[in-house]
Amino acid sequence: MNEPGQRFREVALALSVGVVLADSSIVTLALPEILADFGGTVVGVSWVLTAFNLALALAILPMARVARIRPRAGWALGVAIFVGSSAVCGVATDEWTLIPARILQAVGGALTIACAIELLARMMGSHERAAPLWGTAGTIGVAVGPAAGGLLTELFSWESIFLVQIPLLLLVPVVLDLRLREPEAGPEGELDLRPEAGLALLSAGLTGALFLLVILLTEGWGLSPLGAAATVSMIPAATYAARFLIDRAGPPKSAALAGGLAAAGGLAALAFLPGASWALTLQPQLLIGIGLALALPVLTLAAVGGRDPVGSRASSTIAARHAGIVVGIIALAPILSAELESNRVAAQDATTALILDAALPPETKLSLAEELAVGIDTADGRLPDVGPSFAAVTPASGDEDAYEELEADIVDQIERGATNAFSLPFLAASAFALLALIPIARLPGASR
Amino acid sequence: MNERWIAPLVAIAASVGLIGVYLAFGGASYDPADTADPCLVREDAVLDERDVFELIALSSLDGAACELQVSREELTLALADEEATAEFAEEHSISEDDINDAVRAGLVRAVDDAAATGRISGFEETLLRAVAERAPVGPAIEALQALPGEDSAQSLLLQLSEFTELELPSLDDLPSLDELEGLVP
């Protein structure tokens with residue numbers, strides 16, 4: 001089909017897929033801000049992320065059936081539901097509004113992306129031709145999600161993440177006047193659970209990399225959302241840069257095994273960080289990114305099974321990935337929460353010991369302890385910034401060095417506590433990636 | 001080597017190598033420092049730097065923490081205010097009286113130790129013993145820790161009056177130690 005504007009319509013459909021799938025990760029960097037606004041717990045606020053991915057995983061396959069019958073109207077309705085619920089998310093003042101709106105957003109999003117592959121297939125002639133554009137748009141969306149969310153949160157507020165999606169509605173008239181080819185004929189490909197399980201487990205591990213790393217960088221080490229966004233962009237950057245390795249990694253199954261091992265190794269390395277520096281996270285992220293570059297294409301192709309006449313196999317890979325994200329968050333959030341509490345106590349005791357044993361006059365220590373108590377209260381459950389507490393007390397003449405040393409030691413203990421709290425969750429995320437090796441090993445000699 | 005094993009082996013080598021480097025640089029021990037066992041004697045170098053009243057406060061915290069089988073730091077935070085004390089008591093299934101008894105026993109032992117090593121004597125020792133045996137333990141510990149550099153019974157009295165909201169007279173106004181003991185709650 002060569003009618004004018006076809007390319008523009010293809011881009012419009014791809015854009016809708018990218019925006020919807022970006023929403024699966026876009027709030028990751030906003031979670032600390034949402035937690036601060038709404039209060040509650042890490043586990044509770046993680047449902048802002050979980051609810052979307054769970055609803056998307058559950059809704060995508062039924063929506064693929066709808067897409068087969070009414071793709072154009074389905075897409076427009078999906079976009080309308082997605083945009084409308086995004087607007088509600090943007091004005092939500094508590095989690096009881098935000099989380100239901102996120103679920104509705106995911107249902108609309110599922111309809112949008114399921115219809116988008118169908119519309120693209122009918123415009124381009126086949127699902128096989130449409131799949132690369134559809135898949136690439138989704139991958140880019142998921143990859144840039146955290147960075148876009150971090151940028152918007154830092155420049156404006158977390159609410160702006162949802163409000164900037166409203167102009168997506170402008171694409172509806174562009175797509176509604178599409179002239180479509182007849183749907184492809186042919187039987188639906190048989191569902192193979194092995195690659196789907198591999199995708200789900202790797203996604204669960206990847207969730208660990210993104211969800212945990214973002215909270216560690218922003219809440220544990222005090223990086224700005226933008227700084228954290230730039231740091232975690234290492235994974236998609238590495239995945240993109242390493243895509244050529246797939247042709248040099250031997251048979252597809254070997255490449256997928258190597259990918260699973262590299263992702264598991266990178267996640268395990270994050271559990272053994274020797275310091276509180278964003279730079280130390282880059283090497284493990286590089287390994288995870290390379291791992292995903294090797295494993296995801298093999299698993300996706302094995303799941304879709306080459307030709308996909310009705311597009312439901314493509315949708316099933318989305319379901320598997322998002323189910324994995326949900327499993328990852330549900331499993332990791334309570335582990336992180338428990339580890340944060342035990343490390344908070346350990347860091348608090350270590351800090352108290354430092355103050356008690358400091359070679360400073362007792363009145364200085366008492367004044368400092370009072371200021372630190374105020375700082376902890378003000379932090380309202382988040383990690384306190386001890387700088388203002390130390391600045392509020394003036395050490396006696398001659399005690400300046402000991403005072404500075406005490407501040408550095410206390411900051412070190414807090415950073416140790418924050419970093420150590422993430423060790424066990426990262427190991428759990430690594431275990432998910434290792435478990436993915438089981439279905440990968442059971443793949444037939446997958447074709448590339 | 002069979003071609004299909006090369007990529008997985010490279011991935012294993014890269015992972016093990018990176019984890020090994022992180023472990024070599026302390027990755028397995030990057031966690032908060034452990035607190036010292038309150039039942040063990042602390043290093044002289046740490047204790048010698050303390051003024052005598054602060055030393056007694058720290059020593060009594062160690063003794064009480066040892067008896068309650070908690071860390072000195074946990075007990076210090078528990079004594080910070082009444083709410084923290086109540087939470088600590090509930091968490092360890094003990095009464096607030098148990099905590100008071102343990103801290104008082106620690107205070108008395110710390111005064112005994114300081115007297116035995118010759119760091120206090122005479123009026124100071126009598127005053128401290130009276131505080132250890134009769135003053136509310138939280139304010140007593142806080143007063144001992146908060147004393148300005150100069151160690152004097154007068155400072156202790158002033159500090160204690162601040163924490164207990166009692167109006168205690170200047171030492172010069174006290175006719176005898178018996179009267180002083182009567183004033184300490």
Side-chain angles (χ1 to χ4, degrees), chain A residues 245 248-251 253-255 257-266 268-276 280 283-284 286-287 290-291 294 343 345-357 359 361-363 365-366 369 373 396 409 412-417 419-421 423 437, chain B residues 2-36 42-43 45-47 49-51 53-54 57-58 61-62 70-77 80-81 84 142-150 159:
Chain A
L245 286 176
R248 304 181 185 182
K253 197 158 102 175
S254 298
L257 280 172
L261 285 165
L270 286 169
F272 298 109
L273 292 172
L280 287 168
Q283 298 81 353
L286 179 66
L287 211 49
I290 292 172
L294 291 174
N343 277 276
V345 172
Q348 186 172 279
D349 284 353
T351 302
T352 307
L354 284 169
I355 296 173
L356 287 174
D357 293 334
E363 66 268 28
K365 291 199 265 187
L366 196 72
D409 287 346
D412 180 52
Q413 290 303 321
I414 291 173
E415 286 182 345
R416 282 171 175 270
T419 309
N420 193 54
S423 288
L437 297 177
Chain B
N2 192 321
E3 186 198 16
R4 67 196 169 127
W5 292 112
I6 294 176
L9 286 176
V10 169
I12 291 172
S15 301
V16 171
L18 181 58
I19 294 168
V21 169
Y22 278 8
L23 288 175
F25 281 92
S29 57
Y30 192 68
D31 52 6
D34 288 333
T35 51
R42 288 179 193 268
E43 289 174 31
V46 174
L47 298 178
E49 288 173 9
R50 309 283 157 241
D51 295 322
F53 290 167
E54 189 189 7
L58 293 177
L61 282 172
D62 271 332
V70 297
S71 71
R72 177 190 63 171
E73 290 70 23
E74 188 181 356
L75 181 60
T76 304
L77 294 170
D81 56 51
E142 220 168 335
L144 286 164
Q145 284 183 303
L147 279 172
E150 175 199 355
Q159 201 71 52

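Reckoned from all heavy atoms, side chains included, excluding hydrogens, waters and symmetry mates. In the text below, chain A, chain B and the rest are named by the order of the sequence lines, each starting its count at 1.
Looking at A/Gln413, its side chain does come within 3.5 Å of a backbone N or O of B/Ala33 through a donor-acceptor pair. With B/Tyr30 contributing its side chain and A/Ala276 its backbone, the two residues share a donor-acceptor pair below 3.5 Å.
Atoms CD and CG, on B/Glu73 and A/Asp357 in that order, are 7.0 Å from each other to the nearest 0.5 Å. Interatomic distance, A/Leu261 CG to B/Leu9 CG, rounded to the nearest 0.5 Å: 9.0 Å. Between the OG1 atom of B/Thr76 and the CD atom of A/Gln348 there is a distance of 11.0 Å, given to the nearest 0.5 Å. The CG atom of B/Leu61 sits 7.0 Å away from atom CG of A/Leu356, with the distance rounded to the nearest 0.5 Å.
Interface remark: A/Ala264 contributes no atoms to any contact with chain B (heavy atom separation under 4.5 Å). With a threshold of 4.5 angstrom between heavy atoms, A/Leu287 approaches chain B through side-chain atoms but not through N, CA, C or O. In this structure, chain B has heavy atoms under 4.5 Å from both the backbone and the side chain of A/Leu280.
Of the listed residues (B/Ser29, B/Gly27, B/Gly20, B/Ala11), the greatest number of heavy-atom pairs within a distance under 4.5 Å of chain A belongs to B/Gly27. Among the candidates A/Ala268, A/Ala262, A/Ala271, A/Ala353, the residue making the largest number of heavy-atom pairs closer than 4.5 Å to chain B is A/Ala353. Between chain A and the residues B/Leu77, B/Val16, B/Leu23, B/Asp34, the most heavy-atom pairs under 4.5 angstrom are made by B/Leu77. Interface remark: of the candidates A/Leu273, A/Leu270, A/Leu294, A/Asp349, A/Asp349 forms the most heavy-atom pairs closer than 4.5 Å to chain B.
A pairwise comparison of heavy atoms in A/Leu257 and B/Pro8 identifies CB-CG, 4.2 Å as the closest pair. Here the closest heavy-atom approach between residue B/Ala7 and residue A/Ala249 is recorded as CB-O, 3.4 Å. Of all heavy-atom pairs spanning B/Thr35 and A/Ala350, the tightest one is CG2-N, 4.3 Å. Across every non-hydrogen atom of B/Tyr22 and A/Phe272, the tightest pair is CB-O, 3.2 Å.
Residues A/Pro284 and B/Leu18 form a side-chain contact, since some pair of their non-hydrogen atoms from C-beta on lies under 4.5 Å apart.
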